[in-house]
Amino acid sequence: MRYSGFRVFAQGLAGNRGWRAAWRQPDPKPEYDILIIGGGGHGLSTAYYLARNHGLKNIAVLEKSWLGGGNIGRNTTIVRANYFLPGNSEFYSHSLKLWEGLERELNYNVMHSQRGLINLFHSDGQRDAFARRGNAMLAQGDDAVLLDREGVRARLPYLDFEQTRFPIYGGLLHPRGGSARHDAVAWGYARGADRRGVDLIQNCEVTGIDIENGRVTGVQTSRGAIRAKQVAMVAAGRSGQVAAMAGMRLPIESHVLQAFVTEGLKPVIDHVISFGMGHFYISQSDKGGLVFGGDLDFYASYAARGNLPMVEHVMEAGMTLMPMIGRAKVLRSWGGIMDMSPDGSPIIDKTHIDGLFVNCGWNYGGFKAVPASGWCLAHLMATGAPHPVAAGFRLDRFRTGRGLMDEEGTGSQHNLH
Ligand SMILES: Cc1cc2nc3c(=O)[nH]c(=O)nc-3n(C[C@H](O)[C@H](O)[C@H](O)COP(=O)(O)OP(=O)(O)OC[C@H]3O[C@@H](n4cnc5c(N)ncnc54)[C@H](O)[C@@H]3O)c2cc1C
């Protein structure tokens with residue numbers, strides 16, 4: 001069923017009784033060509049592009065809970081292409097271009113809004129670093145505008161520019177940055193994959209990975225064994241646990257990241273604002289809630305909820321940046337399990353086991369990567385060769401040093417970037 005304005009109108013006249021389920025609920029078959037472990041954004045987009053770009057049909061996505069219940073439905077929805085280093089910048093640039101056509105591609109309103117992202121800076125040295133980043137973004141073919149203090153004030157007049165610890169010197173504006181409705185992205189890819197024949201199997205936890213003579217042959221699940229020629233581990237925060245089923249130890253630590261939303265307010269914040277020095281960022285959702293967050297909780301955990309010290313830290317940072325935020329009532333907070341890599345860059349690669357692939361290490365930035373990640377993993381699985389924009393995302397780079405993209409420059413500390 002295609003969605004359109006006419007369809008909404010016609011359904012309205014018919015009492016909305018003619019809508020069909022957006023995807024089927026199939027039982028798992030005993031065998032597929034390809035299994036994707038994890039029905040988050042990356043797993044669903046991989047299945048979609050395997051079918052869409054490579055014409056592959058006999059695919060299943062195995063999700064232990066419900067589609068969109070993981071980080072894809074827990075993030076703060078920022079979409080941007082403002083990376084600095086070669087290896088990352090071309091990948092995120094590719095992803096942003098896919099975002100820009102995503103609604104038409106999926107025939108689904110993912111509410112992608114290019115409202116502009118502003119990263120604030122607070123010293124001359126930081127201005128230089130942001131100017132350099134902006135130039136790298138321009139050289140990549142993306143957009144960036146260096147704003148002085150008055151340029152920021154014209155756009156964000158409600159900020160406290162004179163705060164004593166971090167007075168605002170200016171900001172780097174990324175006009176094509178913005179946000180999207182996160183769970184609509186999961187639903188849109190799920191619907192698109194289902195329409196192309198992919199089986200989306202919910203409540204199906206993978207409990208083991210079958211390997212014979214160095215080759216993957218299938219998986220064990222809570223709904224029985226399923227055989228497959230290729231298996232991709234796309235489990236985000238649970239990547240370490242899933243890879244352990246194949247006897248692998250990934251260079252990933254799982255950490256909690258929290259987020260917060262206030263009651264719905266009239267439009268007040270037009271942009272996405274990032275206050276890196278305070279570990280705080282904020283935007284306003286289309287429902288009116290102020291959506292904001294900060295840093296990791298600083299301890300490794302598989303709990304999808306955080307602790308009070310980080311709540312206090314984030315609230316303090318918000319009040320420092322924009323004291324008016326103190327008038328808003330926080331409605332909800334939640335946490336997600338982040339798959340933190342040592343260098344802040346992801347992994348899309350084959351493993352040493354034939355037919356077994358891994359996609360992980362998205363840190364706190366994997367939402368904006370969903371289109372390109374699926375595109376590139378599908379390319380790797382279908383052709384056997386890495387996609388050029390993801391060629392550096394190798395699993396062995398921590399051993400060989402090849403393709404190392406230490407985007408944040410923090411060294412091998414999973415939780416310090
Ligand atoms: C609070 C917060 C804010 C964030 N903000 C942003 C942001 O603004 N911008 C941005 O780009 N990124 C952001 N992120 C990061 C982004 O959400 C993640 O990097 C991305 O969603 C991870 O990929 P995914 O969608 O595939 O993960 P998930 O949705 O977590 O998918 C993984 C799936 O695997 C399933 N799974 C795990 N183990 C098994 C198993 N054994 N068997 C079957 N299924 C299994 C899980 O149930 C889950 O559904 C944020 C994350 C959080 C938590």
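Residue numbers count from 1 along this sequence. No hydrogens, no waters, no symmetry mates; every other heavy atom, side chains included, goes into these values. Just so you know, ligand 1 is whichever comes first in the structure, and atom 1 is the first atom listed for that ligand.
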Open item on the list: Applying a heavy-atom cut-off of 4.0 Å, say which part of Ile337 lies close to ligand 1: side chain, backbone, both or neither.
Closed with: neither
Task: Option from Arg223, Lys57, Arg24 for which salt bridge (charged side-chain N to carboxylate O under 4.0 Å, His left out) with Asp199 holds - done: Arg24
- [ ] For Tyr299 and Asn307, test the side chains for any donor-to-acceptor distance below 3.5 angstrom and give the result as yes or no.
- [x] yes
TODO: Record the part of Leu67 in heavy-atom contact with ligand 1 below 4.0 Å; permitted values are side chain, backbone, both and neither.
DONE: neither
Open item on the list: Can you name the atoms of ligand 1, numbered from 1 with element, that are less than 4.0 Å from a heavy atom of Gly365?
Closed with: 10 (C), 11 (O), 12 (N), 15 (C)
Task: Atoms of ligand 1, numbered as shown, that sit under 4.0 Å from any heavy atom of Leu62 - done: 43 (C), 44 (N)
- [ ] Please work out which of the three classes, parallel, tilted or perpendicular, describes the rings of Phe292 and Phe280, given edges at 30° and 60°.
- [x] tilted
- [ ] Describe, in one word, how the ring planes of His94 and His387 are oriented to each other, choosing from parallel (under 30°), tilted (30 to 60°) and perpendicular (over 60°).
- [x] parallel
Open item on the list: Contact between ligand 1 and Cys204 is defined here as a heavy atom of the residue under 4.0 Å from a ligand atom; is it met?
Closed with: yes
Task: Residue pair Lys97 / Tyr92, side-chain donor-acceptor N/O under 3.5 Å - done: no
Task: The one among Met245, Met338, Lys368 that brings a heavy atom closest to atom 52 (C) of ligand 1 - done: Met338
TODO: Mind listing the closest non-hydrogen atom pair of Leu138 and Ala144 along with its distance?
DONE: CD2-N, 3.7 Å
Open item on the list: Geometry only, no angles: is Thr76 polar-contacting ligand 1 at N/O separations under 3.5 Å?
Closed with: yes
TODO: Report yes if some N/O of Phe367 lies less than 3.5 Å from some N/O of ligand 1; otherwise report no.
DONE: yes
Open item on the list: On a heavy-atom basis, I'd like to know which of His42, Gln258, Lys64 is closest to atom 43 (C) of ligand 1.
Closed with: Lys64
Task: Candidate with minimal heavy-atom separation from atom 46 (C) of ligand 1, of Glu63, Met340, Gln202 - done: Glu63
Task: Selected option - heavy-atom contact closest to atom 22 (C) of ligand 1, from Gly306, Gly335, Ala236 - done: Ala236
Open item on the list: Under a 4.0 angstrom heavy-atom cut-off, which atoms of ligand 1 come close to Arg238?
Closed with: 37 (C), 38 (N)
Open item on the list: As an exercise, identify every atom of ligand 1 less than 4.0 angstrom from a heavy atom of Glu205.
Closed with: 41 (N), 42 (N)
Task: Side chains of Asp142 and His174, donor plus acceptor under 3.5 Å - done: no
Open item on the list: Below a 4.0 angstrom heavy-atom separation, can you tell me which part of Ala186, side chain or backbone, both or neither, approaches ligand 1?
Closed with: neither
- [ ] Start with the C-alpha distance between Asn415 and Glu253, add both sets of side-chain angles, then the distance that settles side-chain hydrogen bond (donor to acceptor under 3.5 Å, both in side chains), and finish with yes or no.
- [x] CA-CA 8 Å; Asn415 60 340; Glu253 279 186 11; 5.6 Å; no
- [ ] May I ask you to list the atoms of ligand 1 that are less than 4.0 angstrom from any heavy atom of Asn363?
- [x] 19 (O)
Task: Closest contact, heavy atoms only, Gln140 versus Ser89 - done: OE1-OG, 3.6 Å
TODO: Give the residue and atom name of whichever protein heavy atom lies nearest to atom 41 (N) of ligand 1, and the separation in Å to one decimal.
DONE: Val206 O, 3.1 Å
Task: Side-chain donor-acceptor contact under 3.5 Å, Thr76 with Tyr281 - done: yes
Open item on the list: Give me the residue, atom name and distance of the protein heavy atom closest to atom 9 (N) of ligand 1.
Closed with: Ile78 O, 3.0 Å
Task: Gly41 neighbourhood, listing ligand 1 atoms whose heavy-atom distance to it stays under 4.0 Å - done: 24 (P), 25 (O), 26 (O)
- [ ] Consider only side-chain N and O atoms of Ser222 and Asn203, and report whether a donor and an acceptor are under 3.5 Å apart.
- [x] no
Open item on the list: To check your reading of the model: name the closest protein heavy atom to atom 13 (C) of ligand 1, its residue, and the distance in Å.
Closed with: Tyr364 O, 2.9 Å
Task: Donor-acceptor side-chain pairing of Arg215 and Asn213 below 3.5 angstrom - done: no
Open item on the list: Out of Val79, Asn71, Ile72, Thr46, who is nearest to atom 30 (O) of ligand 1 when you count heavy atoms only?
Closed with: Asn71
Task: Among Gly70, Ala180, Gly366, Ala369, closest by any non-hydrogen atom to atom 18 (C) of ligand 1 - done: Gly366
Task: Rounded distance (nearest 0.5 Å) linking atom OH of Tyr48 with atom CG of Asn53 - done: 8.0 Å
